[in-house]
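Everything on this sheet refers to the single structure shown next.
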Amino acid sequence: MYNFTPLSALLGGLIIGFSVVLFFYTTGRIAGISGIIGNTISKRKNRSSNFLFLLGLVIGPLIYFYIEDVAPSFKITDSLILIILGGVLVGLGTRIGGGCTSGHGICGISRISIRSIIATFTFIITAMLTVFILQQFGIYK
């Protein structure tokens with residue numbers, strides 16, 4: 001199934017870009033989700049702006065689904081082990097990589113950060129290899 005729709009992709013990209021710029025200019029910080037979650041959980045300063053940003057990540061899709069009256073129609077896996085392992089690996093990867101895909105891929109690349117460019121390239125190659133391997137074992141179709 002082919003789900004690419006250029007207009008919604010462009011609009012989504014513009015909204016994400018505007019949100020990142022707005023977050024940077026209002027807080028002076030990069031909008032990496034793993035860092036925002038980490039700062040919200042820890043007792044660091046700026047917890048209220050972090051919480052509001054995360055709340056927007058939850059409320060935005062809910063508003064969309066309410067307006068469009070559409071439920072998400074994707075399924076990743078039924079395997080609880082794969083879900084837990086994936087979560088642990090993502091958490092470990094963001095810790096080792098010094099950030100997540102949103103921080104490196106959206107904010108870092110736009111700042112022409114070599115570290116972020118390498119990290120994003122690594123994310124993409126790793127994801128491609130993971131899907132390929134899972135397809136070979138019939139786990140992911």
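When a residue number appears, it is its place in the shown sequence, counting from 1. Since the structure is predicted, the reported quantities are computational estimates derived from the model, not experimental observations.
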Exercise for the section: Please examine the side chains of F53 and L57, heavy atoms only from C-beta on, and report whether any two atoms are closer than 4.5 Å. Expected result: yes
Handout entry: Joint hydrophobic cluster, I59 plus F51, side-chain heavy atoms closer than 4.5 Å
Key = yes
Problem - Interatomic distance, M128 atom CE to I133 atom CD1 [nearest 0.5 angstrom] - result: 12.0 Å
Exercise for the section: Quick one: list whatever passes side chain to side chain donor-acceptor pair (under 3.5 Å) with T94, sequence neighbours left out. Expected result: none
Completion exercise
Distance col, row T130:OG1 vs I125:CD1, nearest 0.5 angstrom, shows 11.0 Å
Practice task
Using a cut-off of 6.0 Å, state whether more than 12 heavy atoms not belonging to L92 lie near its atom CG.
Solution key: yes
Practice task
Taking all non-hydrogen atoms of both residues into account, name the closest pair between P61 and G56 and its distance.
Solution key: CD-O, 4.2 Å
Practice task
Can you measure from CD1 (I36) to CZ (R29) and round to the nearest 0.5 angstrom?
Solution key: 6.5 Å
Fill in the blank from the handout: dist I106:CD1 -> I30:CD1 (nearest 0.5 Å) comes out at 11.5 Å
Practice task
Working to the nearest 0.5 Å, report the span between CG of L10 and CD1 of I15.
Solution key: 9.5 Å
Exercise for the section: Treat each ILVMFWY residue as a node, draw an edge where side-chain heavy atoms are under 4.5 Å apart, and state whether F23 and I33 are in one component. Expected result: yes
Handout entry: Cluster overlap I63 with L55, hydrophobic side-chain contacts below 4.5 Å
Key = yes
Fill in the blank from the handout: For S116 and G108 the tightest heavy-atom approach is OG-CA, 3.3 Å
Handout entry: V58 and L54, any side-chain heavy atoms less than 4.5 Å apart
Key = no
Handout entry: S110 side chain to C107 backbone, donor-acceptor under 3.5 Å
Key = yes
Exercise for the section: Determine whether V88 and L82 fall in the same hydrophobic cluster, where Ile, Leu, Val, Met, Phe, Trp and Tyr are linked whenever their side-chain heavy atoms lie under 4.5 Å apart. Expected result: no
Handout entry: Hydrophobic cluster membership, L89 vs L129, 4.5 Å side-chain cutoff
Key = no
Exercise for the section: Indicate yes or no: at least one non-hydrogen side-chain atom of F132 is less than 4.5 angstrom from one of Q136. Expected result: yes
